[in-house]
> 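This is the structure I have questions about; it appears just below.
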2 protein chains.
Amino acid sequence: MLTKKTKYAIKALIALAGSEENKPMLIAEVAKQENLPKRFLESILLDLKRAKILNSKMGIGGGYFLMQNPAEIKVLEIIRILDGPIALYPCVSLNFYQKCEECKDELTCSIRRMMQKVRDASIDIMGNTSIEDLVNQPNIILDKKNSP
Amino acid sequence: MLTKKTKYAIKALIALAGSEENKPMLIAEVAKQENLPKRFLESILLDLKRAKILNSKMGIGGGYFLMQNPAEIKVLEIIRILDGPIALYPCVSLNFYQKCEECKDELTCSIRRMMQKVRDASIDIMGNTSIEDLVNQPNIILDKKNSP
DNA sequence: TTAAAGTCTATTAATTTAGTAGACAATTAT
DNA sequence: ATAATTGTCTACTAAATTAATAGACTTTAA
């Protein structure tokens with residue numbers, strides 16, 4: 001499971017990507033538009049700023065705006081900034097590797113290799129999905145069911 | 001990220017699958033063989049018993065043993081028993097669905113649809129990997145690198 | 001120079017995780 | 001029978017993480 005931080009971040013980026021001419025948006029505007037707790041959103045936007053995804057301006061007419069093209073901002077990257085590892089176990093993580101204490105031999109661990117497959121599949125999907133993709137998705141869904 | 005419970009469960013199942021003629025193994029044996037905290041493992045094995053993956057016998061010659069063929073026990077199922085949802089958000093979960101409070105329209109949520117893809121890819125991999133697969137994996141890995 | 005905005009530091013309540021402890025119940029050997 | 005063996009049940013807890021909130025501070029523009 002991912003944290004709410006990541007979800008809020010993606011929602012905020014979608015909102016910011018929708019700002020005409022990338023005009024700065026107030027934290028409060030973003031919070032209201034996406035129905036997010038304002039004070040919590042503040043720290044999330046700060047994280048995204050530190051990661052050079054966003055930039056901001058203080059004072060009148062200020063606010064947050066994208067520093068990168070929405071097509072370049074990948075969901076994968078956002079998760080890594082707010083949540084950390086993509087992998088389901090730290091020993092399988094590319095960016096946040098940590099050894100398992102109980103593991104006797106990482107190289108022959110069959111669990112690890114299975115988890116690598118899952119990781120790679122996730123990276124493939126999320127690394128190829130940008131904020132632009134999320135904005136541009138056709139808003140029509142024909143069936144209510146979850147696809148299997 | 002998954003919890004250690006799931007990882008310990010899979011390791012325990014691998015150990016039990018290795019028992020000749022499915023002979024009962026003591027909790028202590030499994031714990032020692034897989035390097036797991038014994039007392040914690042107890043509750044994990046109980047969960048697996050309640051889920052009909054394992055069965056047990058008390059007294060001398062007792063212990064835990066598989067109730068299903070290792071080829072039928074899928075990693076997917078084990079995760080759902082010990083960890084719960086496979087999906088990265090509750091609103092995308094097939095078995096543990098929960099609504100997002102902040103979400104305005106689930107049907108047109110583009111984040112949700114992306115997360116469904118990740119979920120389905122994960123289910124595809126883990127639902128087709130059994131304990132037998134993990135046991136039978138060739139123990140040779142040629143390169144130390146994580147595959148990209 | 002003042003109002004508007006973001007920024008920084010702290011704190012916190014709730015939840016989850018990863019265990020531990022001890023009494024109890026069932027089974028088998030003697 | 002009964003003692004030894006082995007799993008089961010209930011409760012507790014320490015540490016970490018999550019999801020925030022509060023308040024003082026800084027920067028910018030009118």
Side-chain angles (χ1 to χ4, degrees), chain A residues 1-9 11-12 16 19 23-32 34-51 53-67 79 81-85 88-90 96 98 100-102, chain B residues 1-9 11-12 16 19 23-32 34-51 53-67 79 81-85 88-90 96 98 100-102:
Chain A
M1 288 274 190
L2 298 174
T3 64
K4 293 195 176 183
K5 267 197 174 183
T6 292
K7 206 204 304 176
Y8 293 175
K11 293 203 169 193
L16 290 168
S19 175
K23 213 187 77 193
M25 275 179 84
L26 302 185
I27 301 177
E29 279 184 88
V30 177
K32 189 174 181 193
E34 297 295 329
N35 205 23
L36 308 175
K38 189 201 150 202
R39 219 63 214 270
F40 190 33
L41 181 60
E42 279 183 28
S43 67
I44 296 168
L45 296 181
L46 255 185
D47 285 340
L48 292 173
K49 181 182 179 179
R50 294 202 186 97
I53 306 286
L54 297 180
N55 206 346
S56 64
K57 261 175 70 181
M58 283 181 170
I60 291 172
Y64 273 98
F65 51 95
L66 300 183
M67 256 192 108
I79 295 177
I81 293 165
L82 278 314
D83 243 273
L88 294 178
Y89 285 117
F96 300 86
Q98 273 183 293
C100 305
E101 292 152 43
E102 88 286 353
Chain B
M1 289 276 189
L2 298 174
T3 63
K4 293 195 176 184
K5 268 196 173 184
T6 292
K7 206 204 303 174
Y8 293 175
K11 292 204 170 195
L16 290 168
S19 175
K23 214 187 76 191
M25 275 180 85
L26 301 185
I27 301 176
E29 278 184 89
V30 177
K32 190 175 180 193
E34 297 295 330
N35 206 21
L36 308 175
K38 188 200 150 200
R39 219 62 214 269
F40 190 33
L41 181 61
E42 278 182 28
S43 67
I44 295 168
L45 296 182
L46 255 184
D47 285 340
L48 292 173
K49 181 182 178 178
R50 294 200 186 98
I53 307 286
L54 296 181
N55 205 346
S56 65
K57 261 175 69 181
M58 285 182 168
I60 292 171
Y64 275 98
F65 52 94
L66 300 183
M67 256 192 109
I79 295 176
I81 293 166
L82 279 314
D83 243 273
L88 294 178
Y89 285 117
F96 301 86
Q98 272 183 291
C100 305
E101 294 151 43
E102 88 286 351

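Protein chains get the first letters and strands the later ones, always in sequence-line order, with residue 1 at the start of each. What you see is a predicted model; the values in this text were computed from it and never measured.
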> Rounded to the nearest angstrom, tell me the gap between atom CG in L46(A) and atom C1' in dC8(C).
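Checked: the CG to C1' distance equals 8 Å.
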> Side chain of K4(A) only, heavy atoms from C-beta on: which candidate in dA20(D), dG19(C), dT8(D) is closest?
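Nearest nucleotide to the side chain: dA20(D).
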> So what does I27(B) hit on the nucleic acid, given a heavy-atom distance under 4.0 Å: a base, only sugar-phosphate, or nothing?
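Sugar-phosphate: the residue I27(B), judged by heavy atoms under 4.0 Å, touches backbone atoms but no base.
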> May I ask you to say what M25(B) touches in the nucleic acid, namely base, sugar-phosphate or nothing, with a heavy-atom cut-off under 4.0 Å?
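Sugar-phosphate, backbone atoms only, no base.
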> In this structure, how many angstroms lie between the P atom of dT7(C) and the CZ atom of R50(A), rounded?
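Going from CZ in R50(A) over to P in dT7(C) covers 8 Å.
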> Rounded to whole angstrom units, what separation is found between the NZ atom of K38(B) and the P atom of dT5(D)?
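Distance check: K38(B) NZ to dT5(D) P gives 13 Å.
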> In the structure I gave you, are the side-chain heavy atoms of I53(A) and D47(A) within less than 4.5 Å of one another anywhere?
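Answer no - side chains too far apart.
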> Could you tell me how far apart M58(A) (CE) and dA24(D) (C1') are, to the nearest whole angstrom?
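Result: 13 Å.
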> Please pick, from dT17(C), dC9(D), dT7(C), the nucleotide with the shortest atom-to-atom distance to any side-chain atom of Y64(A).
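For Y64(A), the side-chain atoms sit closest to dT7(C).
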> Atom CD of E42(B) to atom C1' of dT10(D): distance rounded to whole Å?
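Distance, rounded to whole Å: 13 Å.
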> On DNA chain C, compare the nucleotides closest to G59(A) and F40(B); which residue's is nearer the 5' end?
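Per heavy-atom nearest nucleotide, the more 5' residue is G59(A).
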> What distance do S43(A) atom OG and I27(A) atom CD1 have between them, rounded to the nearest 0.5 Å?
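These two atoms lie 9.5 Å from each other.
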> Quick one, E102(B) and P37(A) - any side-chain contact, counting heavy atoms below 4.5 Å?
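Side chain of E102(B) against side chain of P37(A), heavy atoms only: no contact under 4.5 Å found.
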> Between dG7(D), dA29(C), dT26(D), spot the one nearest the side chain of K49(B), thanks.
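So the nucleotide nearest the side chain must be dG7(D).
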> When the distance from CG of L54(B) to P of dT8(D) is rounded to whole Å, what number comes out?
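Whole-Å distance recorded here is 10 Å.
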> Starting the side chain at C-beta, find the nucleotide from dT7(C), dT28(C), dG19(C) nearest to P37(B).
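For the P37(B) side chain, the nearest candidate turns out to be dG19(C).
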> Report which part of the nucleic acid L26(B) touches: base, sugar-phosphate, or nothing (heavy-atom distance under 4.0 Å, all strands).
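Sugar-phosphate, backbone atoms only, no base.
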> Between the side chain of Y89(B) and the main-chain N/O of T3(A), is any donor-acceptor distance below 3.5 Å?
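Present.
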> In whole angstrom, give the distance that lies between atom NZ of K5(A) and atom C1' of dA20(D).
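Result: 10 Å.
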> Check every atom of dG7(D), dT7(C), dA30(D) against the side chain of S56(A) and return the nucleotide holding the closest atom.
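In terms of side-chain proximity for S56(A), the closest of dG7(D), dT7(C), dA30(D) is dT7(C).
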> Let's see if you can work this out: which of dA29(D), dT5(D), dG7(D) has an atom nearest to the side-chain heavy atoms of I60(B)?
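Closest nucleotide among those given: dT5(D).
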> Does R39(B) put a side-chain nitrogen or oxygen below 4.0 Å from OP1 or OP2 of dT13(D)?
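So the side chain of R39(B) is outside the cut-off, no N or O lying under 4.0 Å from OP1 or OP2 of dT13(D).
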> Tell me whether the OP1 or OP2 atom of dA20(D) has a side-chain N or O from Y8(A) closer than 4.0 Å.
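Yes, because at least one side-chain N or O of Y8(A) sits under 4.0 Å from OP1 or OP2 of dA20(D).
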> Specify the separation, in whole Å, of atom CG of D47(A) and atom P of dA20(D).
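Roughly 15 Å, once rounded to whole Å.
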> With a 4.5 Å cut-off on side-chain heavy atoms, are C100(B) and K7(A) touching?
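Contact flag for K7(A)/C100(B) side chains = yes.
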